[in-house]
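The structure appears below as structure tokens.
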Amino acid sequence: MVTQYKNLINGEMVETSEWLDVVNPATEEVIGQVPACGQAELDKAVAAARAAFQTWKKSSYAERSAALKAISKTIADNSEELYRLLTSEQGKPHAQAKQEIMGASFMMAAQSDLVLEDELVKDDEKENIRTRRVPVGVVGGIVPWNFPVSMAVQKIGPALLSGCTIILKPSPFTPLTTLRLAELIADVVPAGTVNIITGEDSLGPLITAHPDIDKITFTGSTATGKKIMEGASADLKRITLELGGNDASIVMPDADPKKVAEQLFWSSFSNAGQICVAAKRVYIHEDIYDELSQAIADYAKNVVVGDGAEQGTGVGPIQNKKQYDRVLELIQDAKDNGYKFLLGGDSDPSGTGYFVPLTILDNPPEDARIVAEEQFGPVMPLMKFSSEEEVIERANNSDYGLAGAVWSADEAKAVEIAEKLETGTVWVNQFLKLTPHTPFAGHKQSGFGAEYGIEGLKEFTYPQVIMVNKQNVPA
Ligand code: NAD
């Protein structure tokens, strides 16, 4: 019998009569089961979070900060068990799974020191005016399957630090590591402050619609983000949405192909391309296009695609069948249209595991589906450009606006281009870097609001202004 992972409600690990199977994407074997929750379980979790909020909102900053540090330590102390489990359900190679787990621990600790200070607006003999931040209340957190632990921690940490309590719903595809973490922190945080419940996608709208939840913080696709915004409008819940992206990387003619090929490769292929901020469109100046595209393809030929649990694997499988079919469909569309491939293009869906060969396209047109749509798979379209104005226009020609990158030997020029990109983050001569103290915020249809840093923390609070008239004391 497979292991059954329970939910965390009000400090207790609980189960339901219905269970969902969780599959290892490399072997297609069922590796665990999790509760299939519905309205009844959600109501219990919300009631627990609501009751805990009455106490937690009055807790001291020191107590809240300590809770984050304790969770961080629990993750680090159990990192080996957690990263192995993460690989088995998500597919990413052990080294990348370990990075996710240790990164989650680091982010939790680093954010534990963020302070929302009161803002003194005026203080003279007549009046004292001050803005303070108060927690919004009970938070519903909904997360995807590409970075299940990072995303869970990214919702739980700021919720607790701001004085909120939370009900978190992992993706039905990747709930195991999060539920194991739930078990590990059940005695680390006060009962009811963190509740983790699992279910099908259909549990999501129940959370969005729940009248006793005050805020939704969501990471996932733009399509689902729009539904959440709609659902949350009924009672004007506060929302933070981190959504999809179609990030452009721009490589200027002065970049040394030998220096950037490997980094560009990983900016597209880390986590099998299933990263919201992966480089999904790579624009290379025509002067270095041939040399650099060949260098990337040569590097790729030595990267092993396989089971993330096996030593030597660089790129794992696609996390689930639905996404696997979608990536294959985009590749087939490129083949049907006669676009050129530098690598990949052929796959064998009859084999075991959702593996897609590394796929690099040679200068497909801008309106190719594989360029215009978010691939979310091990696919890298390389495109030629000739002028700066042209490439900026092409990069910005997207409904998405999550992140982007500029590669150049001329840092000042690269920054000048970076500032013209319509995205929330732009990397210059680096990639996929997030820091705990800067806001991560999608522009356009890549998001609403921000995560990380003080701006991210503020999203879990309301401003409250206290105005004291010192000259009108009614005594
Ligand atoms: P998804 O939108 O299908 O699902 C995300 C979560 O929402 C899951 O937990 C799912 O069960 C739940 N859900 C599904 N339908 C819902 C509904 N109607 N109401 C409420 N919840 C619902 O996304 P996914 O396929 O799991 O993840 C991939 C997407 O996530 C990509 O588009 C990727 O770019 C995006 N993503 C964004 C970021 C970011 O920070 N901007 C990070 C990671 C992933």
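Each ligand, and each atom within it, is numbered from 1 in the order the structure gives. Values reported hereafter were calculated over all heavy atoms of this structure, with side chains retained and with hydrogens, waters and symmetry mates removed. Being a predicted model, the structure only gives us computed values, none of them experimental.
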Can you check whether R238 reaches D214 side chain to side chain, under 4.5 Å on heavy atoms?
-> no

Close approach of K322 to ligand 1, heavy atoms, under 4.0 angstrom | no

Applying a strict 4.0 Å limit to heavy atoms, is G447 in contact with ligand 1?
-> no

Per-atom contacts of ligand 1 with L402, taking only distances under 4.0 Å to non-hydrogen atoms = 41 (N)

Give the numbers and elements of all ligand 1 atoms closer than 4.0 Å to a heavy atom of I142.
-> 6 (C), 7 (O), 9 (O), 12 (C), 20 (C), 21 (N)

Quick one: which ligand 1 atoms are inside 4.0 Å of a heavy atom on N146?
-> 43 (C), 44 (C)

What's the shortest distance from atom 14 (C) of ligand 1 to any protein heavy atom, and which residue and atom give it?
-> D201 CG, 3.6 Å

Kindly indicate whether atom 32 (O) of ligand 1 is approached by any protein heavy atom to under 4.0 angstrom.
-> yes

Would one find an N or O of F376, backbone or side chain, under 3.5 Å from an N or O of ligand 1?
-> no

Any idea which atoms of ligand 1 are less than 4.0 Å away from a heavy-atom of T224?
-> 1 (P), 2 (O), 3 (O), 13 (N), 14 (C), 15 (N), 16 (C), 17 (C), 21 (N), 22 (C)

Quick one: does T208 get an N or O within less than 3.5 Å of an N or O on ligand 1?
-> no

Check: of W145, F147, Y452, F218, min heavy-atom distance to atom 26 (O) of ligand 1 comes from W145

K444 bridged to E422 by N-O distance under 4.0 Å | yes

Of all the heavy atoms in P172, does at least one lie under 4.0 Å from an atom in ligand 1?
-> yes

When you look at NZ of K6, are more than 12 heavy atoms from neighbouring residues, nucleotides or ligands closer to it than 6.0 Å?
-> no

Measure M151 to ligand 1 on non-hydrogen atoms and call it side chain, backbone, both or neither using the 4.0 Å cut-off.
-> side chain

Among V188, L160, I9, whose side chain to side chain contact (heavy atoms under 4.5 Å, CB included) with V194 holds?
-> L160

CD of E393: more than 12 outside heavy atoms within 6.0 angstrom?
-> no

Any N or O of T219 closer than 3.5 Å to N or O of ligand 1 | no

Heavy-atom neighbours of E230 CD exceed 12 at 6.0 Å = no

Among all protein heavy atoms, pick the one closest to atom 34 (O) of ligand 1 and tell me residue, atom and distance.
-> E374 OE2, 2.6 Å

Subset of ligand 1 atoms that lie under 4.0 Å from at least one heavy atom of L243 | 34 (O), 36 (N), 37 (C), 38 (C), 39 (C), 41 (N)

Considering residues, nucleotides and ligands other than E28, do more than 12 of their heavy atoms fall under 6.0 Å from its CD?
-> yes

When you measure from atom 18 (N) of ligand 1 to each heavy atom in G225, P170, G204, P205, which option holds the nearest one?
-> P205

Using distance alone, decide if ligand 1 has a nitrogen or oxygen within less than 3.5 Å of any nitrogen or oxygen in K227.
-> no

Counting heavy atoms not belonging to K69, are there more than 12 under 6.0 Å from its NZ?
-> yes

Does the distance from a Lys or Arg side-chain N to an Asp or Glu carboxylate O, for K98 and E80, drop under 4.0 Å?
-> no

Any chance CZ of F341 has more than 12 other-residue heavy atoms, nucleotides or ligands included, within less than 6.0 Å?
-> yes

Answer with yes or no whether F173 contacts ligand 1, where contact means a heavy atom under 4.0 Å from a ligand atom.
-> no

Are the charged groups of R326 and E373 less than 4.0 angstrom apart, N to O?
-> yes

Which of the atoms of ligand 1 are close to S171, meaning less than 4.0 Å from one of its heavy atoms?
-> 9 (O)

If you take all heavy atoms of A405 and W407, which pair is closest and at what distance?
-> CB-NE1, 3.8 Å

Using non-hydrogen atoms of the residue, decide whether F440 is closer than 4.0 angstrom to ligand 1.
-> yes

Criterion salt bridge (Lys or Arg N to Asp or Glu O under 4.0 Å) on D212 and R50, from CA distance to verdict | CA-CA 8 Å; D212 225 10; R50 178 60 59 194; 3.5 Å; yes

